[in-house]
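Here is the naming used below: chain letters follow the sequence lines, and residue numbers restart at 1 for every chain.
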There are 2 protein chains.
Amino acid sequence: MAITIKDVARLANVAPSTVSRVIANSPRISEKTKEKVREAMEELGYHPNFIARSLASQSTQAIGLVMPSSTDKVFQNPFFPTVLRGISEGANEKQYALHMTTGKTEDEIFDGVVQMVQGGRVDGVVLLYSKVEDKVLTYLQKREFPFVVIGKPFKHVEEITHVDNDNFRATKEVTEYLINLGHEAIAFIGGDLNLVVTVERLLGYEKALRDFNLPLKQEYIIHEEFLREGGQGAVKELLSLEQPPTALVVADDLMALGVLNTLDEMGVSVPDDISIVSFNNVMLSEMSRPPLTSVDIGIFDLGFEAAKSLIQKVENPKEPVKRIIIQHQLIKRLSCEVPCQNKNY
Amino acid sequence: MAITIKDVARLANVAPSTVSRVIANSPRISEKTKEKVREAMEELGYHPNFIARSLASQSTQAIGLVMPSSTDKVFQNPFFPTVLRGISEGANEKQYALHMTTGKTEDEIFDGVVQMVQGGRVDGVVLLYSKVEDKVLTYLQKREFPFVVIGKPFKHVEEITHVDNDNFRATKEVTEYLINLGHEAIAFIGGDLNLVVTVERLLGYEKALRDFNLPLKQEYIIHEEFLREGGQGAVKELLSLEQPPTALVVADDLMALGVLNTLDEMGVSVPDDISIVSFNNVMLSEMSRPPLTSVDIGIFDLGFEAAKSLIQKVENPKEPVKRIIIQHQLIKRLSCEVPCQNKNY
DNA sequence: TTGTACGCGTTATCAG
DNA sequence: CTGATAACGCGTACAA
């Protein structure tokens, strides 16, 4: 059995409650006894038992992480290690621990969340994704359990604290960027439409085209998985069009990589024949040939701010709903150029 | 306040202890009362409080994950999401939750582990890396706390349950593969020598050369970070040699990607001028140009088996030390070929 | 400034 | 088969 507060109390010749107060650094304890108690703790190698503390104080100093389905391709995106790092850092700063749950199916994930929450394992939860219809989010909301989402909630945006980019504006900007480069035939390759981020980006793309009075063609809008294989299918469809696009807005770097490869195989040159701009600016985007022009969305900060605002919320229940927007930034590399004039592929 | 066992007891007209037994599905309770109690639980929407249960039973049904330093480049490797998925699945099967700890420095990580362990937050720990000198491992060992490591422990291999590949053999095999292809000038690009996996792979490489009586040149052995930039530096060194290698054994796909890019910039063609084989077979390895021949090390299984064997150990303290070797497999793609005879780069 | 006593929600022991 | 009752380790009114 481990060293408890009682052992320390005995050694220091004080009551257990005094030891408890020393741990909490209560101002109502004399420096002298504090010192005495601390020495005893040191001598015995005492470490507080979090479980007991949690039970007594009804708070765990732990936050729960809800990941998307582990079978989901999204899970493999380098996005995750990075947000995780951000969250972890934000949590560490406030001495919070991390509790995770994943699962293969939505139900598994949901059960995991319920266990964390009802089981009292965590004080709050951060959702690492934002889907269009989400059981987990609904549950958390109804239960009034503290949580924040990374991304933009599909509904009740005003009532849910979230950390997000301005994906609408970002996509509008990059589309404009391509337009200003002289492109008029610009296609959009997005991921799963169940992810809110996808719809936001699509909207931004459409807005830019409309602002510039460019035609908005359905054939130019493609949705595939957030990954490689997705990109490949998309490209083939696009290039077989009568008037193939001269530029592509791709919703994710990984997909862009797939696009790049397929293009390469088809003998289409980037950026000479076709320009590409994508999102996230993960490490890989500078490793591709050519390096990708990509929107840096501050992934680390998304996580960091999410953790911080969740903890605030946990520690102060009347904290107002917040919406934190992380700045984005277009990182220009070599995948964009003025459009070709008259190419035949 | 949430629904407790007492509320259920009251509604079902039984004692709290009876409810507890029903939850544990004790065989000594009549089916009739079980049914009655279950109905009450249902009606009240009861969920057991894990914290209280942990305190009483001195076990948490949670396992702790120790990640490498978040500032470490290794952290960004696609390896992690995948092991994580494996661990998560292994844990889910046995209804264990996951508790994580990371940190920027070794000390932060160490403190995190101590808190998990002494704080009684977890029943066991899995180390997601294996370093040459590791404070955390030493601590866990001295405390006789259940843990398993993913990778090969540097010392006390016989006394530590671990899940690993046979990296020595794997590297020996791929080196032989290159030799049999006709290569004689084969270089090795490895990662951080503090990681045990690096030294294992280096050893395997050397063994193959020795077995075939090929010279073992120091200039052919390079260590860089486990990432992109590392790869680039390495290649330049290698190609500026008097007799540059015709084949490369690269210890990680990500590094190999960097190598590929640098080679491309220098106008060196893969596999025509130089062959490459690397490790891990992460998703990216088939997305590179050319697709990488890579050793699949069963990352998911590493995690899965680690979780399973840890849980076994936790549930049965006298479980013997185990060493689980996950099979590897060479996935041949397009980065290897017979060597060039007489090329001038 | 410090000690006493009780409660947090369960499990486990021991009667009955 | 079931019900009291005592832990589990700590926080915290309430007393002193």
Side-chain angles (χ1 to χ4, degrees), chain A residues 1-38 40-41 44-62 115-123 315, chain B residues 1-38 40-41 44-62 95 97 115-123 315:
Chain A
M1 190 102 335
I3 311 293
T4 81
I5 217 172
K6 286 184 194 162
D7 302 317
V8 178
R10 207 171 306 130
L11 180 62
N13 264 319
V14 295
S17 55
T18 302
V19 177
S20 175
R21 291 190 183 101
V22 173
I23 294 172
N25 201 10
S26 159
R28 316 189 321 186
I29 297 287
S30 73
E31 272 311 320
K32 219 175 85 199
T33 38
K34 274 189 186 172
E35 207 35 61
K36 195 171 55 179
V37 171
R38 290 203 178 109
M41 299 198 324
L44 296 176
Y46 168 79
H47 264 267
N49 181 317
F50 273 91
I51 301 294
R53 171 182 292 186
S54 299
L55 188 58
S57 66
Q58 300 289 62
S59 98
T60 61
Q61 293 264 348
Q115 287 215 351
M116 296 207 297
V117 172
Q118 315 250 23
R121 287 220 223 233
V122 299
D123 293 340
E315 296 185 341
Chain B
M1 192 102 335
I3 312 293
T4 80
I5 217 172
K6 287 184 193 163
D7 301 317
V8 178
R10 207 170 306 131
L11 181 62
N13 263 320
V14 295
S17 51
T18 303
V19 177
S20 176
R21 289 191 186 100
V22 174
I23 295 171
N25 200 11
S26 159
R28 317 190 319 185
I29 298 285
S30 74
E31 272 311 319
K32 218 176 83 198
T33 37
K34 274 188 187 173
E35 207 35 62
K36 196 171 54 178
V37 170
R38 290 202 179 108
M41 299 197 321
L44 295 176
Y46 168 79
H47 264 268
N49 181 317
F50 274 92
I51 301 295
R53 171 180 293 185
S54 298
L55 187 57
S57 66
Q58 301 288 61
S59 97
T60 61
Q61 292 264 350
Q95 307 270 47
Q115 287 214 352
M116 300 206 294
V117 172
Q118 316 251 21
R121 287 222 221 234
V122 298
D123 293 340
E315 296 186 341

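Looking only at side-chain heavy atoms (C-beta outward), Lys32(A) and Glu35(A) stay at 4.5 Å or farther from each other. Looking only at side-chain heavy atoms (C-beta outward), Thr18(B) and Ile29(B) come within less than 4.5 Å of each other.
The side-chain hydrogen bond (donor to acceptor under 3.5 Å, both in side chains) check on Ser20(B) picks up nothing, with sequence neighbours excluded. Applying the side chain to side chain contact (heavy atoms under 4.5 Å, CB included) test to Gln115(A) and every residue at least two apart in sequence or in another chain returns Phe50(B). Residues satisfying the side chain to side chain contact (heavy atoms under 4.5 Å, CB included) test with Ala52(B), not counting sequence neighbours, are Leu55(A), Asn49(B). Looking at residues two or more places apart in sequence or on another chain, you find no side-chain hydrogen bond (donor to acceptor under 3.5 Å, both in side chains) involving Lys6(B). Listed by chain and number, the residues in a side chain to side chain contact (heavy atoms under 4.5 Å, CB included) with Thr60(A) are Ser54(A), Ala62(A), Asp123(A), Ile51(B) (sequence neighbours excluded). Here Ile23(A) pairs with Ile5(A), Val19(A), Met41(A), Tyr46(A), Arg53(A) under the side chain to side chain contact (heavy atoms under 4.5 Å, CB included) rule; sequence neighbours left out. The side-chain hydrogen bond (donor to acceptor under 3.5 Å, both in side chains) search around Gln95(B) returns none, not counting sequence neighbours. For Gln118(A), the side-chain hydrogen bond (donor to acceptor under 3.5 Å, both in side chains) test picks out Tyr139(A), Arg143(A), with sequence neighbours left out.
Not one side-chain nitrogen or oxygen of Arg53(A) sits closer than 4.0 Å to the OP1 or OP2 atom of dG9(D). Put simply, Gln58(A) has no side-chain N or O that comes within less than 4.0 Å of OP1 or OP2 on dC10(D). Distances shown here put every side-chain N or O of Ser54(B) at or beyond 4.0 Å from the OP1 or OP2 atom of dT10(C).
With rounding to the nearest 0.5 angstrom, the OG1 atom of Thr4(B) is 14.0 Å from the NE2 atom of His47(B).
Residue Thr33(A) is classed as a sugar-phosphate contact, given heavy-atom separations below 4.0 Å to backbone atoms only. Tyr46(B) comes within contact range of the sugar-phosphate backbone alone, with a heavy-atom separation under 4.0 Å but no base atom that close. As judged by a 4.0 angstrom heavy-atom cut-off over every strand, Arg28(A) is placed among the base-contacting residues.
Proximity note for Ile29(A) (side chain, C-beta onward) versus dC14(C), dC8(C), dT2(C): the nearest is dT2(C).
Atom-to-atom, NZ of Lys6(B) to P of dG3(D) comes out at 16 Å; the value is rounded to the nearest Å. Rounded to a whole Å, the CD atom of Gln61(B) is 11 Å from the P atom of dT11(C). The CG atom of Leu55(B) sits 13 Å away from the C1' atom of dG11(D) (whole-angstrom rounding). Remark: P of dG3(C) and NZ of Lys36(A) are 8 Å apart, rounded to the nearest angstrom. Atom CZ of Phe50(A) and atom P of dC10(D) are 11 Å apart (whole Å). Between Asn49(A) atom CG and dC8(C) atom C1' there is a gap of 13 Å when expressed in whole angstrom units.
Along DNA chain D, the nucleotide nearest Ala56(B) and the nucleotide nearest Lys34(B) are compared for position; the residue whose nucleotide lies closer to the 5' end is Lys34(B).
Contacts classified as salt bridge (charged side-chain N to carboxylate O under 4.0 Å, His left out) and involving residues 7-19 of chain A (residues at least two apart or in different chains) are given here: Asp7(A)-Arg10(A).
Within a heavy-atom distance below 4.0 Å of DNA chain C, the residues of residues 11-24 of chain B found are Ser17(B), Ser20(B), Arg21(B). Looking at residues 116-123 of chain B, you'll see that no heavy atom sits under 4.0 Å from any atom of DNA chain C.
For the helix from dT1(C)-dA16(D) to dG16(C)-dC1(D), the end axes, each set by the C1' atoms of five terminal pairs, are bent relative to each other by 40° (nearest 10°).
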